[in-house]
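Just so you know, these numbers come straight off a predicted model, no measurement behind them.
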Number of protein chains: 2
Amino acid sequence: MPTKLIAVLIAVSEDRPMVLTLEGGRVLPSGPLEAGHRSLQTGLRLWVERQTGHALGHVEQLYTFADAPDNDAGDERSVLISYLALTRIHRGEHGWRNWYDYFPWEDQTAPDGRALVARIAARLEDWARAAPPALGAVRRQRIALTFGLEGLGWDDELVLQRYELLWEAGLVPESAPPGGAAVRGQDMAGDGRRILATAMARLRAKIRYRPVIFELMPDSFTLLHLQRTVEAVAGQAMHKQNFRRLITQQDLVEETAEVAPDTRGRPARLFRFRREVIGARRIAGSKLPLTRPV
Amino acid sequence: MPTKLIAVLIAVSEDRPMVLTLEGGRVLPSGPLEAGHRSLQTGLRLWVERQTGHALGHVEQLYTFADAPDNDAGDERSVLISYLALTRIHRGEHGWRNWYDYFPWEDQTAPDGRALVARIAARLEDWARAAPPALGAVRRQRIALTFGLEGLGWDDELVLQRYELLWEAGLVPESAPPGGAAVRGQDMAGDGRRILATAMARLRAKIRYRPVIFELMPDSFTLLHLQRTVEAVAGQAMHKQNFRRLITQQDLVEETAEVAPDTRGRPARLFRFRREVIGARRIAGSKLPLTRPV
DNA sequence: CTAATTATACTCATAACGAGCATAATTAGG
DNA sequence: CCTAATTATGCTCGTTATGAGTATAATTAG
């Protein structure tokens, strides 16, 4: 059975979370597993760095699965090992897409974020209503939990659960019945979006207890820039003063002598990540300082 | 490249965390990946349930890696996909081992827990001293962090990091130089202990935010029994009153009409897990109510 | 009847968190 | 120069979560 490695390369550019894609945004980069590497992880790292020229920061394995065999093509079923990798990009490189193109409802910082969820919830309610009463109730419960309805609160880590719910409901192109109208959001080939959803969920979880967000930042940055990057990844707006408190209290950053050059209001001091905390204990406060969603 | 599935089956029996092994405790159960299953996960579940007769509760994928090819045997290198699975056992079944037989230092509830860590730390200090000064300092920092020295506090989730440190230092049989004396603890063939360490770490992390601990409990139990089970998994003693507060406040359990039969002091009420919270939001308080390690 | 043992209910101080007020230091535009 | 707009930064305050311990209840062993 052939084995492939799949990389979800993530960067944040101009406060937007980006993912590296190929073939017009429809597939994620992947390559065959080559023998001879010391470990799968170093194999992936070498391969990506050679293919894309990007130095990778944090790399972690996501999930391994057997893909659906493409019977038409007579393909053999293969084992896919997926990875999350963080890096930085510069403007103008090709193939980078905003990950919210694929999951518009995951961006709860957008002005229409809640409204979009409400529209999706209405479609899902149709799906629940189409089932027998007992099953319908189960579905309603899942919908409320995953989409934070009925006062339950939005959980930004449930990216995969939301996608799978839409998949089951036939509301994504990957699973929609002929003629069925899918929810807005670009699709990918095969399991692409499922893998991307897994990567997003993992990253959103990770930034709460490991300082991986700095892998996505330039060397020096303002606290607002840092906040915007976290908000981009989490898809949620945060309370500015409390965000600073969280960052500074934990000594994650240190001041530089400079202030940000292009600025509108009061100039902001530039900070730098204190690399020495990398190995250190988990960062405190697993809770991000969200603002109340109004 | 052949692909194998490896299962780390965990149960808790008489307040001891147990793992299912074969061949005198030296290997974990594994089997070939069979085509035709809907997913790897269901494939594993069916296979384990057929082989062992155990109904599995929670199952989750751990990690996929390429094992070191056994050149002597002329083996081909293979891809190993490991899983954590929770179940229950009854006395007298074969092959179940206390996981602390493999990692004695992970049991910080044992009276000699800290003393054992101190002895290991001394051996590791030798290893740090053997390196050039700069590298030695890095090693000392890692040792202090992973083993909670110098007032840093024991982090029960660092099981894998501790094992890998000992591996690097040549203090486990898997890596010890000829004639080198390893730290106490039974070894396993190949990457067995590394996989077990991964499973332990994952489970210790998981019980903090998902109610998976109940997969290891009988239908009804006292709060002390529940506490002992959590302590067995976490390897750390907890504050009794605060433990109850954490469990009851979150409505994870409901009272039954009965009290525990065989009891020494005041009879304890029997509780039952409220299955309806399974799908629900993550359980609060990621912190377990530890007692101060004195 | 007493000591030992376990269960259970509360209290209290402190730390963490969510929310917001107040002030400082800029630029843009009259 | 003056004012409004804008962003940065410092600080307060109430609430909740957490760590630690006291007090009391209900049993059994002797």
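Just one of A:Leu216, A:Thr229, A:Ile89, A:Asn98 meets the side-chain contact (heavy atoms from CB on, under 4.5 Å) condition when paired with A:Ser13; it is A:Ile89.
Rounded to a whole Å, the CD atom of A:Gln249 is 16 Å from the P atom of D:dT9. Here D:dT18 presents its P atom at 14 Å from CZ of B:Phe243, a figure rounded to the nearest Å. In this structure, CG of A:Leu270 is placed 11 Å from P of D:dA8, rounded to the nearest angstrom. Here D:dG10 presents its C1' atom at 17 Å from CD1 of A:Ile247, a figure rounded to the nearest Å. When rounded to the nearest whole Å, the span between NE2 of B:His239 and P of C:dA9 equals 15 Å. The separation between A:Gln250 atom CD and C:dA16 atom C1' is 11 Å, rounded to whole Å. At whole-Å resolution of the value, CD in B:Glu255 and P in C:dA7 are 14 Å apart. Computed from coordinates, the B:Arg228 CZ to C:dT6 P distance equals 8 Å when rounded to whole Å.
Dashed line: the shortest gap from a side-chain N or O of B:Lys240 to OP1 or OP2 of C:dA7 is under 4.0 Å.
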A:Glu106 vs A:Arg204, test: salt bridge (charged side-chain N to carboxylate O under 4.0 Å, His left out). Steps then yes/no.
CA-CA 11 Å; A:Glu106 293 296 338; A:Arg204 285 178 169 186; 2.9 Å; yes
Hey, mind stepping through B:Lys206 and B:Glu215 against salt bridge (charged side-chain N to carboxylate O under 4.0 Å, His left out) and telling me if it holds?
CA-CA 12 Å; B:Lys206 200 99 185 186; B:Glu215 310 269 356; over 6 Å; no
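Nearest to the side chain of A:Gln241, among D:dG21, C:dA22, D:dA26, sits C:dA22. The A:Arg264 side chain lies nearest to D:dT7 when the options are D:dT12, D:dG19, D:dT7. Proximity note for B:Arg244 (side chain, C-beta onward) versus D:dA8, C:dA7, C:dG20: the nearest is C:dA7.
Across all strands shown, C:dA9 forms a Watson-Crick or G-U wobble pair with D:dT22, both key distances being under 3.5 Å. In this structure, C:dA19 forms a base pair with D:dT12, meeting either the Watson-Crick or the G-U wobble geometry with both donor-acceptor distances under 3.5 Å.
Side-chain N/O atoms of A:Arg245 and base N/O atoms of D:dG10 include no donor-acceptor pair closer than 3.5 Å.
Across all strands shown, A:Leu223 has no heavy atoms under 4.0 Å from either base or sugar-phosphate atoms. Nucleic acid contact class of B:Arg269 (heavy atoms, under 4.0 Å, all strands): sugar-phosphate only.
Taking CG from A:Asp156 and CZ from A:Arg162, the interatomic distance works out to 7.5 Å, rounded to the nearest 0.5 Å.
Ring orientation note: the planes of B:Phe214 and B:Phe273 are close to parallel, at an angle under 30° on the 30°/60° scale.
Between A:Asn242 and A:Arg266, the residue anchored closer to the 5' end of DNA chain D is A:Arg266, taking for each the nucleotide with the nearest heavy atom.
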